[in-house]
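Proteins come first, then strands; the chains are lettered A, B, ... in the order of their sequence lines, and each starts at number 1.
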Number of protein chains: 2
Amino acid sequence: MVQERGVDDWIRTIRHRDSTLSPEEEADLRGALSVVVEEPADRDVVREHDRQTRSHLLLEGWAGRYITLSDGRRQIVAIHVPGDFVDLHSFPLQIMDHSVVTFTPCRIAHAPHERLREVTVRHPHVARLMWLSTLIDAAVLRQWLVGSGKRSALEQTAHLFCELFVRLELTGRTDGRTFIFPLSQAELADCLGVSAVHANRVLQDLRGTRMLAWRGRRVEIREWDALAALAGFDPVYLNLADLPR
Amino acid sequence: MVQERGVDDWIRTIRHRDSTLSPEEEADLRGALSVVVEEPADRDVVREHDRQTRSHLLLEGWAGRYITLSDGRRQIVAIHVPGDFVDLHSFPLQIMDHSVVTFTPCRIAHAPHERLREVTVRHPHVARLMWLSTLIDAAVLRQWLVGSGKRSALEQTAHLFCELFVRLELTGRTDGRTFIFPLSQAELADCLGVSAVHANRVLQDLRGTRMLAWRGRRVEIREWDALAALAGFDPVYLNLADLPR
DNA sequence: CGCTGCGTTGAGACTACTCAATATCCGTGG
DNA sequence: CCACGGATATTGAGTAGTCTCAACGCAGCG
């Protein structure tokens, strides 16, 4: 049984989406976690084309998923924060079409597929919640695609910070209107699908509007309404019952 | 009980991913379909923010999913062909974060969520297959994001035609190395995240390479290997047991 | 103290965009 | 059978956004 904050965050996130999780179901879910491992930053936790036998729950630190092209270009397709199941989809899918990397040092719990399978057999309702979790990942992905395709780099970046703030606030990983954004500008650029130089200039523009401010790696959202308006941010896609802000 | 080709296509697609679907499971799945409706082209079948009580199986015709920004910009986030479940994700998710539109006249079967729920209760294995189906949609989405973010418009377009050919061949909707691509250039542009004018020019470039040729709405892939190489197309993400080509 | 990684800046090139005009195709009604 | 209208495809010209390459600054760390 794994006992730490990241696990509580995970359960809390699930309850935000469906408040009917019973105590037995919760206990069973918790029981599906086995060991916890520590990973340094910039470590590939899972690699493209791997066949997986377990999924990974992120307890502390930030991680991401990415796809590399043959010439080395890299697109980050998801950012994960504590309480996120990074690759729950590898349970039904098995063969990975992308890699998972740590952006910071991370604590990660293992969830063997065999145990997950047992939980879904005992609790079909939990199986539905797992499915739901991967569907929300997909909804986030759709927003990223809209950002990359139809939003300007400025709007897209604003949208990302809105999204991250809401997701982090769910598990109390914000401090007032601030949170720590640990990605380098090069990593951010790989999320946005722009060059690192351009990412830098977009961030400067964003600071110029006074909507966002930085103190080291800590971002402050100074004007939520203006930022959300600029981004066209509508949090419905995150499927949360009670929306913060 | 709905009896027509699109349903067989759907079952065949499922078997391509997991050959262990039993006859009883198949029968139960087929039984989850109720009425079939005809929709003209350019009709919204499902709208953003709707709360759904049924999902839609596409039997004939092409459809897509899209997200609109407040100023009218539209990003298409998925293309669906006969045999695809267009919005199976609305079963766990209920509230839609995007709309579904027909690109051509379509025949669509309804699958009431209540009936889907019954099937998943009787056959947990089928529930896993439904989950899998939505996960493959997400994998396609990731490729679209990579295309939009890191591939050139030419590579991205080549990738899309590779993907569509493979998906259509699964259900025998190709004719030799050709298939009918019914989207207008403006619709294609909304998939790629470029302007209609630019989409037109990219298509001309693609014709110029002699890898692709058009006769009306029918595309011919003249040089599969060259096209796949240009696109960096690796079909692993489609999760098919036996890959054509 | 001198790496090394990250952020910042400048300059010039290129991709893709917008606006606007023209061409082509196709279905409908005369 | 032809004329017409509407939608779609194509072309041109000028512009905006983003890219690449290269240099420089700064901080942390061995």
Side-chain angles (χ1 to χ4, degrees), chain A residues 40-43 62 69 71-76 101-105 146-160 180-209 212-219 230, chain B residues 40-43 62 64 69 71-76 101-105 147-158 160 180-208 212-219 230:
Chain A
D42 291 314
R43 172 87 97 220
W62 287 41
L69 301 184
D71 61 0
R73 282 174 290 178
R74 174 176 83 156
Q75 173 73 46
I76 294 174
V101 68
T102 57
F103 291 133
T104 69
V146 174
S148 184
K150 286 287 136 109
R151 283 191 248 258
S152 70
L154 193 72
E155 293 167 337
Q156 185 188 3
T157 309
H159 197 276
L160 180 61
I180 291 170
F181 180 75
L183 303 217
S184 70
Q185 291 185 2
E187 287 163 338
L188 174 62
D190 281 345
C191 295
L192 302 173
V194 302
S195 69
V197 171
H198 196 58
N200 176 275
R201 288 178 171 135
V202 168
L203 289 182
Q204 290 179 43
D205 286 354
L206 228 30
R207 279 194 289 258
T209 64
L212 286 180
W214 266 260
R215 265 203 354 265
R217 311 233 103 164
R218 185 169 288 277
V219 203
L230 168 62
Chain B
D42 292 314
R43 171 87 98 218
W62 287 41
L69 301 184
D71 62 0
R73 284 174 289 177
R74 174 176 83 153
Q75 172 73 46
I76 294 174
V101 67
T102 55
F103 292 132
T104 68
S148 184
K150 286 286 136 107
R151 284 191 247 258
S152 70
L154 193 71
E155 293 167 338
Q156 185 188 3
T157 309
L160 180 62
I180 291 169
F181 179 76
L183 303 216
S184 70
Q185 292 184 1
E187 288 163 337
L188 175 63
D190 281 344
C191 295
L192 301 173
V194 302
S195 69
V197 171
H198 195 56
N200 176 275
R201 289 179 170 135
V202 168
L203 289 181
Q204 290 180 43
D205 286 355
L206 227 32
R207 279 195 289 257
L212 286 179
W214 266 260
R215 266 205 351 266
R217 310 235 103 163
R218 185 169 286 277
V219 203
L230 169 63

* To do: Describe the nucleic acid contact of B:Arg151 in one word from base, sugar-phosphate, nothing, applying a heavy-atom distance below 4.0 Å.
  => nothing
* Report which part of the nucleic acid B:Arg73 touches: base, sugar-phosphate, or nothing (heavy-atom distance under 4.0 Å, all strands). => nothing
* Can you name the salt bridge (Lys or Arg N to Asp or Glu O under 4.0 Å) partners of B:Glu155, sequence neighbours left out? -> A:Arg73
* Under-4.0 Å side-chain N/O to phosphate OP1/OP2 contact, A:Asn200 with C:dT8 -> yes
Output one line per pair: protein atom, nucleotide atom from nucleotides 22-27 of chain C, and distance, for all N/O pairs under 3.5 Å.
none

* Go through C:dT9, C:dG7, C:dT18 for me and flag the one nearest to the A:Gln185 side chain. => C:dG7
* Between C:dG7, C:dC17, C:dT9, which nucleotide gets closest to the side-chain atoms of A:Arg217? -> C:dG7
For residues 196-204 of chain A, please give each side-chain donor-acceptor pair under 3.5 Å, one per line with the distance, not counting sequence neighbours.
| unit_1 | atom_1 | unit_2 | atom_2 | d |
| --- | --- | --- | --- | --- |
| A:Asn200 | OD1 | A:Gln204 | NE2 | 2.4 |
| A:Asn200 | ND2 | A:Gln185 | OE1 | 2.8 |

* Got a sec, which residues hit ring-ring contact (aromatic ring centres under 6.0 Å, His included) with B:Phe181, two or more places apart in sequence or on another chain? -> B:Trp62, B:Phe161
* Structure fact -> Outer limits of DNA chain D sitting under 4.0 Å from a non-hydrogen atom of chain A, read 5' to 3', are D:dT18 to D:dC21
* Check: B:Arg207 side chain, B:Ala213 main-chain N or O, donor-acceptor pair, under 3.5 Å -> no
* Using atom types as modelled and distance alone, determine if a side-chain donor or acceptor of A:Gln75 lies under 3.5 Å from a backbone N or O of B:Gly147. => no
Dump every N/O contact between nucleotides 11-15 of chain C and the protein below 3.5 Å, one line per pair.
none

